[in-house]
Amino acid sequence: MTSQDHIPAFIARQKYLLQEERQADIERSSLVLSSCGPKLLELRGLALLGLGVASIAIGLGGKSLIELERPSAYHTTPQFPPHTFRPGDIAKIEENTSTSKSATSKKSKKVEGSESAGTKGVEGVVYKVNDTKIIIAVDNESGDIDLPERCRLLKLANSVTFDRMDRAIEQLERILLGTSSSESADKSDNKSTKAPTPLTQVLMGLIPPSERVSAVTEGLKFLDESLNKSQKEAVRHALESPEVALIHGPPGVCRTFHLTPCSTHDS
């Protein structure tokens, strides 16, 4: 079993590994963006070229919602080519410059919210996307956003997932140790600190799992009679385990499918 003395080292190790993974993801994304031309990025699904601003609105929290589309003046079809942009992804809007450096229109649309996008570009989060339109949510700060008449969208390294894992580790540290080494931990986070649950203690190896409670499944009737004997035993094992149950098996044995009868009977 794990002792309380091992927890600080475990937390520190997880923070270090998470930071290394975040940095590797940023470097990989930067390398791809710097070494590949716009056309190749679009072929890889990491960019959308020749876009125009369809509309700009104000969303929740004062964010600017910039709707981009493929103008008929530059494209034969309004539909986007295959891409990897999904809601929550970090993206950058910048001018769609060509290698020929031909004269481009200086028309622009402005919206209060951030720095100039003419050269630096504007970073935001993909809010909504469909076959013909993509909406980017941009934080409103001081200044204006200058969006060129023709722009492109680049997919950047997504830090949202890493931020969530950072917060989860910080919360785990406060629960197990009562303190957090993060300077960002504020009073609102500290007041939510509470004693670790039995599930947390079992997963961290501080206490052994409780014995199975067979009385829970007495008279159990399966709603899905197509389950075989081993699958039914897996469901019983999950329901009888007070904290956590591990169901192991090779691909194709419907491990995920077992969640349905477990959640149905548990409710």
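Everything numeric in this text was worked out from a predicted model, so none of it was measured.
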Between [X] and [Y], is there a side-chain N and carboxylate O pair less than 4.0 Å apart?
{"X": "Asp166", "Y": "Arg22", "result": "yes"}
{"X": "Lys128", "Y": "Glu67", "result": "no"}
{"X": "Arg152", "Y": "Glu94", "result": "yes"}
{"X": "Arg212", "Y": "Glu233", "result": "yes"}
{"X": "Lys92", "Y": "Glu123", "result": "no"}

4.5 Å side-chain heavy-atom contact, [X] and [Y]:
{"X": "Gln19", "Y": "Tyr16", "value": "no"}
{"X": "Met204", "Y": "Leu172", "value": "yes"}
{"X": "Ile26", "Y": "Leu156", "value": "no"}

key: Nearest-0.5 Å distance, CD of residue Gln201 to CD1 of residue Ile207   = 4.5 Å
key: Thr200 side-chain N/O to Pro196 backbone N/O, donor-acceptor pair under 3.5 Å   = no
message = Quick one: does any side-chain atom of Asn96 pair with a main-chain N or O of Gly50 as donor and acceptor, under 3.5 Å?
response = yes
ask   = Taking the six-membered ring of Phe80, is the NZ or CZ of Arg70 close enough (under 6.0 Å from the centre) and on axis enough (within 45°)?
value = no
inquiry  = For a side-chain contact (heavy atoms from CB on, under 4.5 Å) check, start with the C-alpha distance between Ile66 and Ile135, then their side-chain angles and the critical distance, and finish with the verdict.
reply    = CA-CA 5 Å; Ile66 304 173; Ile135 300 177; over 6 Å; no
